[in-house]
S.K.: 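The structure follows.
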Amino acid sequence: MKLLEYQAKRQFDRVGIEVPSGRLARTPEQAAAAARELGRVAIKAQVPIGGRGKAGGIAVVDTPEEAHREAVRILAMEIRGYPVRSVWCETGLEIAHELYLGITLDRDRRRLALILSAAGGMEIEEVAATSPERIAKLWPDPFAGPRPFEVRELAFAALAHAPALTEARGRLASALVPLAQTLYRLAVELDAVTCEINPLALTADGRLVAADGKLEVDENAEYRHPELATELALDLEGEDGRTGEDPYEAEAKRRGLTYVHLPGGSIGCIGNGAGLVMNTLDLIQQVGGRPNNFLDIGGGANAEKVRTSLAMILTDPDVRGVFINIFGGITRGDEVARGIVQARDELGITVPLVVRMTGTNEVEGRRILAEAGIVPGTSAPEAARKIVELVGGAG
Amino acid sequence: MKLLEYQAKRQFDRVGIEVPSGRLARTPEQAAAAARELGRVAIKAQVPIGGRGKAGGIAVVDTPEEAHREAVRILAMEIRGYPVRSVWCETGLEIAHELYLGITLDRDRRRLALILSAAGGMEIEEVAATSPERIAKLWPDPFAGPRPFEVRELAFAALAHAPALTEARGRLASALVPLAQTLYRLAVELDAVTCEINPLALTADGRLVAADGKLEVDENAEYRHPELATELALDLEGEDGRTGEDPYEAEAKRRGLTYVHLPGGSIGCIGNGAGLVMNTLDLIQQVGGRPNNFLDIGGGANAEKVRTSLAMILTDPDVRGVFINIFGGITRGDEVARGIVQARDELGITVPLVVRMTGTNEVEGRRILAEAGIVPGTSAPEAARKIVELVGGAG
Amino acid sequence: MAILIDVSTRVLVQGITGREGGFHTQQMQAYGTQVVAGVVPGRGGGETLGVPIFDTVAEAVARTGADTAFTIVPPAFAADAVMEAAAAGLPLGICVTEGIPVLDMVRATAFIAGTPMRLIGPNCPGVMTPGQAKIGFIPNHVGRPGRVGVVARSGTLTYEVIQGLSESGYGETTAVGIGGDPVLGSTFVDILPLFADDPATEAVVLVGEIGGSDEERAAEWIRSSGFDRPVIAFISGRTAPPGKRMGHAGAIISGSTGSAQGKIDALTAAGAAVADTIEEVVRLVGERLAP
Amino acid sequence: MAILIDVSTRVLVQGITGREGGFHTQQMQAYGTQVVAGVVPGRGGGETLGVPIFDTVAEAVARTGADTAFTIVPPAFAADAVMEAAAAGLPLGICVTEGIPVLDMVRATAFIAGTPMRLIGPNCPGVMTPGQAKIGFIPNHVGRPGRVGVVARSGTLTYEVIQGLSESGYGETTAVGIGGDPVLGSTFVDILPLFADDPATEAVVLVGEIGGSDEERAAEWIRSSGFDRPVIAFISGRTAPPGKRMGHAGAIISGSTGSAQGKIDALTAAGAAVADTIEEVVRLVGERLAP
């Protein structure tokens, strides 16, 4: 779950990380009012995706009239598929230097990594690739968090590559200690897998200010942060309910399904387990078919979930056949079979259904399917060939 | 720094630990109003010391009139030297069982210990001495705090000795997990060296409620909790400024000195370092003198602190001579000597001063004293004999 | 021979009275796995499926000599259950729970690093040593005692590979589903050395998928350790669109190390044979096994 | 011979530019202690008292080969400084800071338990090996190379004992002030074994005080280890009123283990000679040393 910039900044502000003054505007009038209050501001499109600056989603304005005009323009935009629902109107900063401070999950180390660089801004990834020594990293103890001396070591390592900051490094290191500790505590509190300040602005008068913010919350931990999910949903869905996501994926999310749409494909795909479904897609492609989607019913799905999944897939009229690939482990074949038969009968499915079923309770599952006139296979590659035969190849 | 019961309960309430409803009353009228609002209440004297129940400092009342009458009585009390400044008026609980839950510093393990017993109430210390198996202990990781499974293990161990709670043990263990974690977090947040709920009441309807509370904050960490110190000072000092402490000690605290009064003694004692001062007291006693106080100027004291210390000691007219015992390490002899001479001259001290001075900068220090007519010794036992000779022995 | 579990393994089930816990305990019992204890706080002293229940893992271990924890409890409680099993001194834990918050696993893996436990999972199908024992979800009928070690991230592909190897007659020594989460108790590089120490394992099938760098690190280990048995690898998710989340939290393409091609290249360079399909996996195994 | 520090010890001072840090660095230099580095964040590259300053301990160690940290920084920063020195791999730290919050020391001692560091202090006078080196506050002129080991909680009583032993001609191998706080890096039982391993130490003086159970544990160690040299003990605070706080946070009488008499009894039972005065300490040492 990726928060919007203004939501991330609201979190920063709550825990005491300085952010520029700003107002959220959902209408041009609100943007004009913000400019009236704050003076010169940047009008920034609020979309959960990068590259909005290049796309024209940011404008700096001097007057309320300009603010109104630019807000009209930006609020009408759609950036990489996301309609702009709101703009963040923010005062500018006198920036002396741009740093980078971020926290992200490091799978290999099984810890959060705290990353600091004196080379902040847009090119941080390039810096990381070409001058890795300019990126200082720390993997704090998961229980203690970053200790002051660890942050100082990180700071002196990062600042060693910024001659302009040599004089100020002691003061900066001292200021970075509470900032990094606070950011880390925030990441842990919110179950963030990414929590980033870039640029972290060193202002002309020596303050450290979060000029931009990214916060992504672990989806497995959303249940611990219902307020964030609610807030984000309000912001992403306008009055028209458009979220900027693929409409099929938005619908699937509403139905609680793990679904990825592959527009233009003709074969609907259902399986139990992400690896199996990914492999199902690969198999279809290998024999010349075009999958329409990825749908993982997960482990232990019941008949109802199978029914819902089939109904979901068939909302895309491009789907001309469905491949259901089940290797039961925690999932039980009989449950799946019941769901398939129910769905076919209740939804009046007429496109071909090819079922591959093996694993837990497969005997009972295959009996249920056979009695309903659906002949299941046991080999996935064979079943893939069969569905492609029935639907026709790519194109 | 020991908080009063109501202050501890206010902290419990703030972090979500249930406490009985109550109101603080500094006047009988307020106590009557509390009884009007809450109905049957206990009127409990707020003093930073145990044994108030036996001393008559708690009364249960049914009506506002009774509340008024009992508050008049209790607010006039002095319990073990502490005048009662306020009463806590609290609704009763239907208690099914009394447990004990406490946190305290364990020096040997270098950790906080979390202690749980199903034998809560007044006799917990006796239980600990006679049936230690009924007291379950846990030393949580200082960074992670108590983990749920650790608290469950603690709970099952403690509840194994309470047959009446066998049926409820699963539910109780579940409820104790967040309670113990919250209490531990509170102790860490407040730098508490003792944080205790006794009794922890299991009510007839199955809730766990903190029926009494003790909270003692590490004095070295008071600077991190100025609001607590301020609050406590307000509560201990009434309008007459009486704190219930020894008046000399209260005065010394105001002057920022580490001072313990030993009423009736005739020899004032000053030294640098707690061990040295304790030994000074022992030396005086061994040769038949009676020390009047313990005053540790600490490490690195300057002349001003020495002057303040001498002035403090002489506020007790019983002091008929002063023994100043300095073995300079971080403390410098010249600084101490200057302070002694200044104090004598400015305060017009006439009682005998015996100084023993050795250690860091002793040459310069002894020169300053000698020039001012004070002849310092270098042996502590000899100096002790000399001051006792000058002042006269015990009695 | 086998790795991790065998006929002597004594299993303790955390969550034995849950719907899934009960079902899979029965499946394990049917397979012949020794299930010696269940742990359900507050229900100690009871019994289910012929298995005694205890309030705590420590007590269960003391009373039954259990040596392996099978953790099948809801995600909010799973990390704590794993830590309890580790604190009780169990040398092996297998956690199948899906959906555990990743920072819970960060803390749990840090905790168990200070204990004797080796953790498999979470979000994994478990472990099977055909003919001896299985712990987890792997369907009872797919395995067959044999010559090939299997280590896989995806649960269902683990089943596919086992079935393929069994039907072709090669069979498995032990099959290990390590799980698909970003933070795992054991990754390929933790399991491969166990196969290296098992003389009965004549070849190893490694089933990876997009995301993370576990496959690259496995390739590096194969190369640097001089692992002397054939490795046949399979990487799923090759047609996955970049940046799309594919259900497994870990299966997100991130940088060059996460891509299917990067993994295939790394494994190939380390001398592994990389197959395009499960059928090809089985064929390549057959070509490499001694006749 | 000596324990902990000797003529080869290379000291790094944390807080060298502070008022006290500077003064005591000069005292140590005057005594002949090798002070090789100072650490003051943000002032790396500078120099004071002829000693180079670094931003971090890690850098100071890498550049100067320092092997011992002397920590003399304000209480709010002291625990962190100690951890920094421990993380940098230093085998010995001596922290004299008084007034550190006790939970800071709980965390710091837990942290250094996972590092090579042995910590002396905090709130201690430091360590002196007469004629070789001293770190901390012990006055330069009191020590004299000799035959007796000293370990003491109180700072000033450490000085008294050293002076007494020196003036009587016995002298010291090493004197260690372990400090008076409730949570200490090293207690008597951590230091006594070092004297046991030092052939030059012919007797040990142990100076305890009321509060805590360190003296009782020392008695237990003396008894159970078969320590073969005479121990002369002194316990201060015998006239202290119970329950009164005596300045040292640790010196609060709490239960029977904390009382002066309990400590005296335990030490006597373990075979130690317990003196009533410092003068008697010296006399008892003399009686027990070989002529």
Side-chain angles (χ1 to χ4, degrees), chain B residues 96-97 99 101 109-111 113-114 116-118 133-185 188 202 206-208, chain C residues 12 14-18 37-46 48 52-63 66 69 71 73-90 93 95 97 100-101 103-115 117 119:
Chain B
H97 197 100
L99 298 98
L101 179 64
R109 299 232 186 191
R110 299 186 176 105
R111 287 189 174 193
L114 183 64
L116 177 69
S117 176
E133 75 286 355
R134 296 177 66 189
I135 311 279
K137 293 186 194 130
L138 171 67
W139 292 267
D141 178 285
F143 303 110
R147 297 180 169 96
F149 81 86
E150 293 173 329
V151 179
R152 285 198 308 272
E153 288 177 348
L154 187 80
F156 289 121
L159 298 174
H161 302 281
L165 301 177
T166 300
E167 272 307 298
R169 74 191 190 288
R171 205 177 43 72
L172 275 173
S174 292
L176 283 163
V177 167
L179 180 59
Q181 289 185 317
T182 302
L183 193 71
Y184 188 90
R185 262 198 305 272
V188 171
L202 173 62
R207 291 169 302 135
L208 288 171
Chain C
L12 166 162
Q14 296 177 289
I16 196 169
T17 53
V39 174
V40 185
R43 295 180 60 177
T48 184
I53 303 179
F54 300 90
D55 284 329
T56 65
V57 175
E59 193 189 350
V61 171
R63 301 272 287 277
T71 309
V73 301
F77 310 105
D80 185 58
V82 166
M83 290 193 285
E84 179 176 2
L90 290 172
C95 178
T97 302
I100 303 177
L103 293 189
D104 283 8
M105 285 314 302
V106 164
R107 288 181 282 259
T109 52
F111 176 80
I112 67 176
T115 73
M117 177 173 281
L119 174 68

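The figures that follow rest on heavy atoms only: side chains count, while hydrogens, waters and symmetry mates do not. Reminder, nothing fancy here: chain letters follow the sequence lines and each chain counts from 1. Small disclaimer: the values here were computed from a predicted structure and weren't measured.
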S.K.: Please name the pair of heavy atoms, one in C:Pro74 and one in C:Thr97, separated by the smallest distance, quoted to 0.1 Å.
M.R.: C-CG2, 4.0 Å

S.K.: Indicate the atoms forming the closest heavy-atom contact of C:Pro41 with B:Arg152, along with that distance.
M.R.: CG-NE, 3.6 Å

S.K.: Ring of B:Trp139, cation from B:Arg109 - is the NZ or CZ under 6.0 Å from the centre and inside 45° of the axis?
M.R.: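 Yes, B:Arg109 sits over the ring of B:Trp139.
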
S.K.: Please determine whether the number of non-hydrogen atoms from other residues, nucleotides or ligands lying under 6.0 Å from atom CZ of C:Phe77 exceeds 12.
M.R.: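 Not more than 12 within 6.0 Å, no.
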
S.K.: Could you report the tightest heavy-atom contact between C:Thr71 and C:Ala78, atom names first, then the distance?
M.R.: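 Looking at all heavy atoms of both residues, the closest pair is CG2-O, 4.3 Å.
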
S.K.: Are there residues of residues 162-183 of chain B whose heavy atoms fall under 4.5 Å of chain C's heavy atoms? If so, which?
M.R.: B:Arg169, B:Gly170

S.K.: Measure distances from C:Arg43 to the heavy atoms of chain B and classify the residue's part below 4.5 Å as side chain, backbone, both or neither.
M.R.: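 Answer is backbone: N, CA, C or O of C:Arg43 sit under 4.5 Å from chain B.
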
S.K.: Judged by atom type as modelled, is there a donor-acceptor pair below 3.5 Å linking the side chain of B:His161 to the main-chain atoms of B:Ala118?
M.R.: no

